[in-house]
Structure formats: C-alpha cells, structure tokens
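Each chain gets a letter, A, B and so on, in the order the sequences are listed, and its residues count up from 1.
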Amino acid sequence: MTEASRIVVDGRPMPFHPDDSVALAVLRAGEHPHHGGTICLAGDCGNCIAEVDGVAYVRTCQTPCRPGLVMHRHPAVGAPPLHPAVALDTTTPPPARRISVQRSRAEVVVVGAGESGTAAASAAQRQGRSVTLLDGGQGMEVVAIYAGPTVIVRTPGGMAHIQAEEVIVATGAAELHPVCPGNALVGLVTANAAGQLHAAGVDLGVAVAIGSPPEGVPCTPVSGRLRRFEGHARVTAVVTVDDDGGERTTPCDTVILGLGRAPRDVLSRMAEELPVTVVGPAAASFPLPPAPDAGTVCPCSRVDVDDLASVWDRGFQELELVKRATLAGTGTCQGSVCLPHLRAFIAERSGQTPEPFTARPASRQITLAEAAAGVHVDAFRRTALHDEHVSLGARMDRFGGWWRPWHYGDHVAEYWAVREGVSLGDVSTLGKILVSGPDAVESLERLYPVRVADIRSGRSRYALLLDEGGHLIDDGMILRETETRFALTFTSAGAAHAEMWLRDWIDMWGLRVHVLDRTMSLAAVNVTGPLAGRLLERVGLPAPPRFLQHVHAEIAGVPCHVMRLSFTGEVSFELHHDVHRSVELWRALLANGSDLGIVPHGLQALQGLRLEKGHVIVGMDTELDSTPRRLGMDWAVQMDKAEFVGRSALARTAGLPDQRRLVGLTMPGIAPTEGSPIWSDREVVGHVSSSFTSPLLGHAVMLGWLKRAPFPDTVTVDGRAAAVVRPPFYDPEGSRARA
Amino acid sequence: MNDFVERRIALRWHAPRRAYDVLIIGGGGHGLATAYYLADRHGITNVAVIEAGYIGSGNSGRNTTIIRANYGIPEAVRFYQHSLELYQTLEEELDCRFMHETKGIMWLAHTETQMRAEGARSLLNLACGAETVMITPLEAKELCPQLDLSGGGRYPVLGASYHPAAATARHDRVVWGYAQGAMRHGVHVAQHTMVTGLQRHGTRVTGVETTSGPISAGVVLSAAGGRVSTIAAHAGVRLPIRTHPLQAFVTNSYDFPFPGIVSDTELLCYVSQTERGQMLVGAEFDAQPSYSQRSSFSFLQSCAAKVTRLLPFMRDLRILRQWTGICDISADFSPIMGQTGVDGFLVTTGWGTWGFKAIPAGGEQMAQLIATGRTPALLEPFRLDRFASDHTMADPGSTGTH
Amino acid sequence: MWITCPRCGGRPVEEYRFGGEVRGAAAWITDAALRDVDYVWMYDNIEGVTTERWFHGAGCRRWLTIRRDTTTDTIVA
Amino acid sequence: MLVLETLHGLRVIAAPASLDGVRWSEGTIVLRFAPDEAFALGATEVQIPDEYAIVVHESAFVGSWLTREELADSVLPHIEWPLPERRPSLAQGFVAGVPAKLWLDGDRALLLCAAAYVHELADRLG
C-alpha cells in the first residue's frame with residue numbers, strides 16, 4: 001500500500017480501495033466513522049458524519065476517498081470543536097477558496113438517477129424538453145429546491161444553480177432505521193449497506209438479518225420482532241421476540257436490517273406549492289413502522305423514545321410540539337431517520353397519523369462559503385475625482401452609497417478656507433435630473449410644495465420634496481432652463497429615490513414629461529468662499545451669475561452648468577460638468593487658486609459650515625415624520641397652491657396640536673456629542689441632531705428636536721445650559737452668500 | 001437524550017366554551033403572556049386564548065431570540081427596558097427554564113454616519129435607563145475575538161455601540177412557560193381554532209366566529225401575527241400594518257465559545273450562538289410584503305457573504321437549516337397596542353422583528369389595560385390613534401434589524 | 001422571486017426596488033380628514049393578489065406594474 | 001484585468017415613436033435603454049422630431065469590447081439571467097452585482113457600466 005492511497009483518520013493513516021467512500025474505507029478497517037448507530041451508506045442519516053478536511057458534519061458515505069484526505073471523528077458526546085487557530089485567525093483571510101458556480105437552465109431537472117429518475121428523464125426528453133439529470137452517485141448533491149424553481153446543487157467541482165421550469169423528484173425510498181435499545185451500537189447496517197459492504201469485500205463477521213435480508217450477502221435470517229441489541233460499544237447479539245412473546249438472543253458481529261422503507265422525501269417536503277413532481281418510490285406510500293417503545297429515535301439530536309413519551313404526557317401532543325420540545329428531527333438529517341418513527345409514535349397515542357412536517361433548506365448541508373459563492377452584496381460608487389482626493393490625503397468615507405472625502409487632514413483649516421478664502425468641494429454625488437416636456441411645469445407644480453411656474457429661465461428656487469404624509473423626504477434646487485425644461489438637484493443620499501419618485505408620479509399622472517437622471521453623468525464641484533468669484537474670474541467667468549441664478553459657461557475650458565446658491569453660507573458656485581472632464585477642471589481650479597489659499601474641504605467641515613447656517617441635512621436632522629411645520633420650514637410651502645403631493649396631509653395636520661420642533665441651540669464651550677439628550681425639568685424632552693463647536697463664533701451651535709410643549713427657552717444638554725434660539729447662527733441676513 | 005428536551009413544563013388543554021370575559025386571538029408569546037398576566041396580576045381567569053395552529057407556531061417560534069432595549073426613541077427604550085428587566089426574573093416567576101442568558105450585543109459601525117447614529121443611540125439609551133456605550137474597535141475585538149476588524153478589507157470597523165444587558169432565551173419555552181402559567185390559573189387555550197369573523201352588536205365587538213363555532217366575549221384582543229389586518233377588517237378597523245417575511249438560518253452545532261451577539265448596522269445582519277452551539281444568523285426583513293414563509297437562496301447567499309466578512313471563521317461552518325417568519329411592520333416602525341376605536345376590540349400588533357423581546361412587557365401592559373380600562377403610561381405612546389392625531393413614533397432604532 | 005420586466009426580461013428580485021401597492025384611500029370613508037389619514041398611513045395588507053409597482057433599478061430604470069399573490073409570491077398575469 | 005474605457009456618445013430622451021424614426025449615421029450603435037431613451041455610441045448630433053427631446057453628450061459610461069470567448073469566460077459566470085437570443089440586442093441587469101449592460105452583436109459584445117462603478121466591476125470580473 002502506497003502513501004498515495006491512504007486517508008488520515010484521527011491522525012492515523014488508513015488505506016482505501018479505489019471507489020471507496022470515506023465511510024466505506026473506515027468500515028473496511030473495522031471501525032465506525034462516527035461512534036455507532038446504523039449505517040445506511042445512502043446519505044440518508046447522520047450516523048456517518050465526521051469532520052473532513054476541516055469541515056465538520058460531512059456525510060462520509062457520500063465523500064469519495066482521496067489520497068491525503070483528513071478525517072476526524074466528531075466527539076462521542078457534544079458538538080465538534082472549532083480549532084482555535086481557525087476560529088481566531090482573522091489577520092490572514094481564510095485560504096481564498098474560490099468556489100466556482102455553474103449557472104444553467106433546464107426545462108426539466110430530474111433529481112435522482114435511479115429507475116424512476118431515468119425513466120422520467122427519458123420521457124421528458126422524448127417530449128423534446130431539455131433535461132438535467134442530477135445523479136447523486138456522481139456527486140451531485142441537491143442542497144435545496146427554492147422558488148423558481150431553482151435547484152441548488154453541490155457538485156464535485158463547486159456549486160451549481162439551476163433554473164428549471166419543472167423539477168422531478170425521483171429520490172427513491174430510504175431504508176428504515178431500527179428504534180430499540182442498543183441501536184447506537186457499532187455493527188448495525190441496513191440491507192442496502194450490507195450489500196455494498198459485501199460487494200466491496202468488507203468482512204461482516206457473523207452476520208444476522210432482521211426482516212428482509214439482502215440478496216447475495218451471507219447472513220443468517222432471524223425471525224421475530226426486533227426487541228434490542230446487546231453489546232458494549234459493538235453489537236454482540238440481537239434479541240428478538242417471537243409471536244408467543246418469547247425472547248430469543250442471537251449472537252452476531254453484524255446485524256443487517258431490512259425493516260422496510262419510507263419515501264426519501266426531504267426535497268418534496270421542502271417544495272410544496274412549487275412546480276415539483278414526485279415520482280417513483282419517493283411518491284409512494286409505505287406503511288409506517290411499528291410505534292417505537294424504547295431506544296434512540298433521533299440519532300442526530302439524541303432523542304430517545306422516553307423523551308417523546310415524557311413530553312407527550314405533559315401535553316405536547318402533536319408532531320410540531322413534540323419536535324420542538326425534544327428537538328427530534330431538527331438535526332443534520334432533517335428528520336430523514338426519525339420522522340417515520342415520530343409519526344408512528346404520535347399515531348399510536350393520538351389515533352391519528354400526522355402529516356410529515358415541512359422540510360427547510362438545506363437537505364444536503366453546505367458551508368457558508370459554498371452558500372456565498374458567486375454573490376456580491378453591494379457596489380459602492382466613486383466620483384470622477386476619487387483618485388484626486390486620495391492623492392490629496394483625504395480620508396474617504398462612505399455616504400449614500402458613494403465614497404466621499406471626510407476630511408483632507410485638517411477639517412478646521414478646511415472650514416476657515418471656506419469662511420475666509422476659497423475652497424472646493426466635490427459634490428458630484430448630488431442628485432441631478434433633467435425634465436423636459438409640455439407638462440414639465442404642471443408635473444413639478446404637483447411634485448413640489450413651492451411655486452414653480454413663476455421661476456424665470458436662468459433662475460432657481462430651493463424646494464422641499466414631501467411624501468403623501470407631508471413628511472420631508474428630500475430637498476434640492478429647481479433650476480429653470482426654458483419654458484419647458486428644468487434641471488433639478490437632490491441630496492446625495494436621496495438621489496436614487498428621487499428618480500423613482502419623479503417617474504412614479506409622472507407615470508401615474510400620465511403627464512408628457514421626459515426625465516433623464518444625470519446623477520452619475522455629471523460631476524460637480526462647489527467653489528465656495530468669499531474669494532470664489534475671484535477664482536472664477538481667473539478661469540474664464542468674469543461675470544458670474546448672481547445669487548440663485550445659473551448659467552452655462554466654460555470654466556477653464558470645460559463646459560459647465562454654473563449654479564449660484566449656498567449651503568456653506570458663503571458665496572458658492574456649483575459647477576456641473578461631464579464626468580470625463582472633472583479631473584481637468586478640479587486641477588485647474590486648485591492651480592489657479594493656490595495663491596488665494598485654496599484647499600478642498602471634506603464632509604466633516606461641510607457639516608459644520610452648513611450647521612452654522614441652520615441648514616438641515618435630510619436624514620440627519622430630519623426624521624421619518626418631519627413635516628415642514630416641525631422643521632420650521634413652513635416658508636418653503638405654499639398652501640395656496642393647487643394640489644401637490646402632501647398638501648392634504650399638511651392641511652389636515654395644520655389644525656392638530658403638535659409638540660415637535662427642530663430648534664437651534666447655543667451654549668458656551670465645546671459642542672456636546674451629536675445625539676445628546678436634551679433635558680428640561682429633569683426629563684428628556686428631545687435630542688441634539690447636529691452639533692458643532694463654531695471656530696468663528698467661539699461657542700457650540702446645535703440643531704435639536706424638542707418633543708414636548710410648551711417649549712422652554714433654556715434646556716440642559718450634557719449637564720450644561722443651552723439657549724433655544726432661532727437659526728441661522730451665522731450671517732442671519734444671508735448677505736455673505738449673496739455678496 | 002439531549003440536554004434540550006423540555007422536562008418541566010406541563011400543558012393542559014381545554015375545548016373552548018361558548019363565552020369568556022376575555023378572548024385572545026393568537027397563541028403566541030403576546031397572547032399567552034397577556035392571558036397569564038390577566039389571571040396572575042388581575043385575577044381575571046375567565047379567559048381563552050385561541051390559536052389557529054399550535055401555540056408558538058408563528059413568530060414566537062421563528063424569531064432569533066434576542067432580547068434588548070437599545071432602541072432609538074425614549075418611549076421605546078423605556079418600554080423594551082422594562083421588558084428586558086421582566087425577562088431577567090421570568091424563569092423564577094414562571095417556574096420554568098428557558099435558558100435566559102445575558103450576553104451583550106454590539107452594533108458595529110463602518111462609516112462616520114453610522115458612528116454618529118450609534119453614538120446617538122448610546123446617549124439616548126443611557127438617558128432613558130438602558131445601558132448602551134460606545135466601544136472602540138479594539139474593545140469590540142476583546143469582546144469578540146473572532147471579529148475581523150477590517151471587515152474583509154471592505155467594511156473596516158470604526159467602532160460599535162455596546163448594550164451589555166442584551167440576552168437570548170429559548171423562544172419556544174417562553175411561549176410554553178406563559179401557556180403553563182396561564183393554564184395553571186384556569187385560562188383555556190384552544191389550538192387549531194381559527195377566527196373566521198367577529199361578532200358585532202351595534203358598534204361593539206362581542207365575540208368571534210371560529211372554525212370551532214362562535215365564542216362570545218366581553219373583550220376581544222387580537223394578538224395574532226400575520227393575519228391581523230384581516231381580523232381587524234372584520235371589525236371595520238384599518239391598520240397601518242404591512243406583513244413582511246423575515247429570514248434566518250442556523251449552522252450545525254459547534255463546541256467553542258462565542259459569548260456575545262454581533263450585529264452590523266450597515267450589512268444588516270447579526271450573529272449569535274444558540275445554547276446548542278449553533279451559529280444563528282438573521283437579517284433585515286424583505287422589502288416587499290408577503291405572507292409566504294418560503295425561504296430564498298438569495299437571502300442565504302448574501303447573508304452568508306456578509307457574515308463571513310465580519311467573522312471569517314464561519315466560512316467553513318455548515319448550514320443546518322434556513323427558515324422564514326412573517327412579521328407585521330407598522331408604518332412608523334413602532335408597535336401598536338390598545339384600543340382600536342371599536343368598543344370591545346383591542347389589538348397588540350406591529351411587532352415587526354422585535355416582538356419576542358417585547359413579550360413580557362407587552363403582555364403585562366395589555367393585561368393592565370384590559371383589566372383597568374385605562375391605558376398604562378408605557379403603552380400610551382403606542383396607541384393606534386397616534387396616526388390620526390399626528391403623534392407617530394418613528395423610531396430610527398427600529399428600522400434596523402431584529 | 002423573479003420578476004419579468006417588460007423591457008429587459010426576467011430578472012431576480014434583487015434587481016428591483018419595491019414601490020408599494022397601487023392603492024387609494026378607502027372609498028367608504030366619507031370624512032375627508034379620516035380618508036386622508038387612511039390614504040397616508042393605512043394598508044390593505046392583502047393576503048392574496050395585490051397590484052404593485054416595482055422599479056427596475058439595475059436595468060432600464062423604469063417602473064412596472066405587476067400582480068403578485070402574497071401567499072405564494074407567484075406573479076399572476 | 002478587464003479594461004473598461006470611456007464611451008462617448010449622445011444620450012437621448014424622446015417620445016418613443018420619434019426615437020424609432022431617427023436615422024442615425026452609418027455605423028452608429030444605438031443602445032436603447034428604454035423605449036424613450038437611447039445612448040448612441042459615437043454620435044455627435046441627431047435630428048429628432050420631438051421638440052421636447054433631451055439630447056446631451058454622454059461620457060459617463062465605460063465599456064469594453066469582448067470576444068465570444070471573453071464573454072463566456074469572464075462575464076457569463078457573473079450573470080444570473082439568460083442572454084437574449086436575438087442579435088444585435090441590448091441586455092441590462094446585474095453583472096457581478098453591478099448594474100451593467102451588454103450590447104450583443106454577432107461574435108462580439110460590448111460590456112458597459114456607469115463610470116462610478118468601474119472599479120467594482122473590473123475588480124469583480126478580475
């Protein structure tokens with residue numbers, strides 16, 4: 001025997017023959033792959049499970065031997081351990097075991113290549129249908145049938161996901177296991193397993209057969225009803241009972257059990273209501289075994305008949321309750337072994353035969369890695385300037401599904417550049433939608449709570465977007481291009497939803513409007529700060545638009561849609577442009593602004609800047625039920641307009657008492673942590689939604705929710721007094737943004 | 001035998017009579033707990049619980065057994081903290097063992113936005129009586145040595161909120177414990193009795209029609225999961241509820257310590273270890289409403305992909321079983337308890353993915369409401385009429401998982 | 001679950017965003033305010049066939065309307 | 001690793017019938033994203049009988065031409081849905097979990113996605 005034909009079992013080399021399964025090789029060596037229990041060699045039970053190559057709970061009878069394969073027995077008692085080195089090693093990712101996935105389609109998938117399966121496959125082929133025949137003998141293990149129907153298979157080479165029109169389950173019937181005292185001993189085999197062992201040349205010793213003996217296997221039939229097995233670890237005798245009640249003890253090395261069969265029905269129990277046909281013995285009705293009176297009924301979960309009786313007698317008197325109270329049927333084999341006996345037990349006691357319980361995936365167990373093979377859970381977006389940010393030292397963070405610069409190393413310096421000089425912000429992630437059509441005005445009037453018709457071409461207006469309940473879902477700008485054409489902007493996080501929102505309503509209303517979402521097509525750079533105008537002058541825009549105007553112009557040679565607005569509180573120009581010109585524009589702006597002290601700013605600085613201006617960030621300062629009234633933004637709603645989304649809800653709730661306000665708060669010193677509770681009279685009355693220690697003002701500024709009327713003038717946050725004020729905290733007249 | 005065979009609880013069944021003081025639809029945790037507290041705290045024992053299947057066959061038997069109070073609004077934090085505290089002494093009270101074990105839960109954050117949300121959660125929880133603190137990545141690693149702080153290179157852990165009082169308990173046994181407690185006080189529990197309609201007299205609900213015949217009652221409480229909209233419709237009550245599937249899976253049992261509960265605010269999945277050594281993995285509910293309890297492979301795929309990024313050792317664990325429950329999600333993600341505007345008909349619903357942890361408080365408070373006719377302070381924020389009166393309870397802490 | 005997009009063909013549900021049931025306020029509610037409350041907050045939550053909107057976000061980025069049986073998740077014609 | 005390069009063309013939104021009637025210059029590949037939307041590769045101008053049509057230069061898609069073998073080896077294993085049988089035709093949906101499109105024309109295929117996703121797609125397709 002060469003090294004090439006050995007496996008390693010619990011550290012000892014063990015020879016195998018060609019075509020041996022791991023279980024067969026172990027049995028050939030006179031051992032048991034587990035610690036006892038009936039061996040079926042058909043993949044039905046969990047009595048041969050072991051750890052194979054580091055993966056526990058592997059049915060060794062379905063695992064071909066391979067030179068060097070390492071098998072460890074599970075412990076006799078308790079669950080298999082995880083090797084600490086494996087469990088704790090997170091510094092190196094697990095070996096990149098790339099598990100391949102074969103995706104395919106078939107009109108018919110036949111599970112099982114036995115007599116009925118091959119017949120069903122041939123019949124389908126004769127009808128001209130494409131057929132995939134899954135042969136367990138070829139290592140095609142069906143994990144589950146899902147809706148579709150989709151059949152998930154573990155194959156010798158990886159995983160297969162098959163989309164079918166119809167699945168034919170031809171899994172045949174499984175042999176019944178004995179339930180009686182001693183049924184966890186070594187030396188018990190089913191008739192089919194005995195045949196396989198004999199054919200493989202395994203010495204069964206003195207073999208006796210209970211029930212139908214296998215053909216061609218030398219053994220002595222023993223008559224009578226099975227009572228118990230005797231022996232210590234290994235079976236040494238079987239005890240049967242004759243019709244007259246007399247016990248007979250037959251010494252033996254092996255007991256061959258031909259106790260009858262039950263449908264191999266895990267897949268059909270899993271696939272109720274799906275287009276699944278069950279054929280052959282898998283669909284046949286077999287008599288239940290006699291009700292068990294002693295012994296292990298569920299080897300996987302180690303449940304004895306006594307356990308069943310115990311819970312039954314205490315009122316757990318139906319299959320599901322018995323199962324849950326004992327855990328019978330919830331182990332590795334998913335009830336394949338115990339379900340017929342459980343049903344017989346309940347039938348005897350209740351007088352009614354219960355239906356089998358539903359099976360859940362997985363019928364053949366797979367690892368998480370095998371389950372995850374071929375899937376990618378999410379995709380993050382990068383702006384065209386991603387590499388620019390990284391090369392400038394930005395710490396990137398994810399927001400709204402995009403990678404964005406959080407800061408470039410010094411968020412306070414970034415803040416001052418905006419307040420006193422000029423700075424760039426990458427706002428490419430903003431939602432940008434073009435609408436055009438004869439009904440453009442009509443559709444926007446219905447979508448937005450502000451008036452749209454009177455926005456002149458070349459002008460823009462800030463707008464809220466409300467849902468049917470009048471709750472703020474997004475905000476942005478409406479920019480009029482022509483009589484019938486508008487550019488709309490939305491927040492970065494709200495952009496994906498904005499397109500859906502617009503299209504859904506326009507569909508529903510049947511309005512004639514074209515919609516183009518340009519969120520990923522246009523990059524955008526915000527040039528902001530008191531020196532922003534001077535920078536734009538240098539790069540080709542000597543007469544920049546005034547506040548809330550917008551123009552199309554070339555900036556540093558790049559065609560841009562230039563929008564004058566302000567989120568930072570300073571003069572701001574958003575330059576929207578084709579993504580492929582973005583790096584060029586960004587670099588030109590930085591180069592031309594170097595003597596103005598230009599630095600880019602990240603989100604961290606931006607959040608402070610906008611907070612000083614009292615601008616809310618949707619989703620951060622707003623909640624799912626924030627109405628304009630609660631946000632102090634009634635000014636952005638024109639209730640005298642005709643119908644718009646949310647209008648009736650706003651009209652209805654306007655008359656209801658309300659106890660929620662988003663307010664401004666100030667206090668000396670360092671800003672409390674965002675999320676801090678707001679206290680009044682020793683009660684929590686709200687929380688801080690945003691906070692910032694203003695470098696310019698020299699104290700803390702906050703937005704926060706008060707949720708109990710009457711609203712106090714002074715509250716306590718972080719153990720300190722805070723004044724309730726009306727934002728903005730900075731430049732309340734807005735003269736800087738309009739400068 | 002295994003260590004998990006139920007050895008103590010005894011259940012006594014009764015065929016339903018024709019009339020009760022209180023009739024509770026739904027033999028899950030909430031229905032049975034309400035019956036128990038009605039009998040035990042208020043001496044109201046002429047009570048029946050009717051269940052369409054077997055007791056605990058709905059979400060009480062399909063959830064992922066986590067008990068926690070780290071919610072996002074004060075009203076919810078107080079309610080769930082009360083429930084968490086009731087759980088801590090429930091085994092003695094109900095005289096049964098349901099393997100209640102305090103484990104602690106961490107909610108991992110990978111972005112600044114998530115860090116901010118977890119920081120806010122911690123401060124609010126502390127202010128409202130539930131202990132939640134921010135921890136550093138290294139502290140998270142100490143609590144859970146199996147954690148890959150790089151998140152598979154893609155989801156680096158910036159920190160986490162940690163709620164040490166979080167616990168787990170065997171869900172079925174909680175149901176049976178309440179059932180036994182109620183039965184000992186003389187409450188009737190009838191299985192396989194499905195409601196087909198409500199009896200009404202004038203504007204009042206006076207009983208139920210069932211597959212086992214009519215039963216009249218002074219008060220009818222719907223504690224049903226999944227079919228609550230249909231039951232309420234019989235009373236002319238419309239609910240802000242949609243029923244969504246929630247999927248989960250467990251691995252086989254493994255013998256190694258994984259003491260805590262790890263949850264992820266971005267990947268929307270969470271992992272704990274059952275008392276049997278199985279790794280139990282759950283996720284967010286499916287986006288579309290459905291009553292189907294069929295599990296999907298895409299859930300298993302994506303959930304396995306997510307958790308193995310955080311806990312790489314799980315790659316080679318074998319999946320034992322996957323299942324689906326259906327949960328009633330309210331329009332503001334908070335539960336709905338109490339009067340419906342129709343006399344004699346109450347609901348406890350909207351339990352979403354957080355019903356199991358709410359069983360003791362939900363049952364206790366609903367019993368108090370039924371017994372006294374007055375809404376207890378803990379329930380007041382969760383009245384159904386909050387939608388009409390514009391006092392919705394949007395809870396950012398509930399829109400997450402479990 | 002697979003949904004057939006009339007423009008792109010059959011795709012797994014993960015390519016779509018659920019947009020909710022096609023619904024209106026319950027017509028039998030006569031009070032305008034109550035009808036608005038119903039429209040904003042209440043759901044039919046049908047156990048059976050619903051008509052609903054899905055957005056094919058990974059494909060043509062357009063809406064489609066389907067009828068789905070919520071007891072089985074099968075798409076009905 | 002797959003190299004996806006910027007594609008230039010016109011993005012057009014117009015009434016479906018007017019889009020149907022457009023005569024594109026010889027050799028223009030027109031990807032019909034939706035009945036009212038087309039991306040015309042390489043096109044620089046278009047006459048369209050819809051006064052409200054949106055016509056913009058589009059540079060936000062990146063793409064790579066693949067041979068039949070490259071398509072089979074590096075892309076198809078990452079697609080859950082079946083390719084259309086008609087040629088030429090456009091297929092749209094997830095490729096390796098990234099929203100992507102395939103223009104299938106005879107023996108070759110153009111794989112394209114939004115530039116914002118290019119690093120993800122290239123990484124996943126290896």
Using a 4.5 angstrom heavy-atom cutoff, name the option from A:Ser648, A:Gly469, A:Gly148 with the most pairs to chain C.
A:Ser648
More than 12 non-hydrogen atoms from neighbouring residues, nucleotides or ligands closer than 6.0 Å to CD on A:Gln102, yes or no?
no
If you tally heavy-atom pairs under 4.5 Å against chain A, which of C:Glu14, C:Met1, C:Arg17 wins?
C:Arg17
Between A:Ala649 and C:Val40, which heavy-atom pair has the shortest distance, and what is it?
CB-CG2, 4.2 Å
Atom of C:Arg61, atom of A:Asp517 and distance for their closest heavy-atom approach:
NH2-OD2, 4.4 Å
What part of A:Ala147 lies closer than 4.5 angstrom to a heavy atom of chain C: side chain, backbone, both or neither?
neither
Tell me, for A:Arg652 versus chain C, whether the close heavy atoms (under 4.5 Å) come from the side chain, the backbone, both or neither.
side chain
Taking the side chain as everything from C-beta on, heavy atoms only, tell me whether C:Arg62 gets closer than 4.5 Å to A:Asp507.
no
For the atom pair CG (A:Asp504) and CZ (C:Arg53), what is the distance rounded to the nearest 0.5 Å?
4.5 Å
Any donor and acceptor pair, going by atom type alone, linking the side chain of C:Trp63 with main-chain N or O of A:Met500 inside 3.5 Å?
yes
Closest-packed option against chain C by number of heavy-atom pairs under 4.5 Å, given A:Glu273, A:Glu499, A:Met508:
A:Glu499
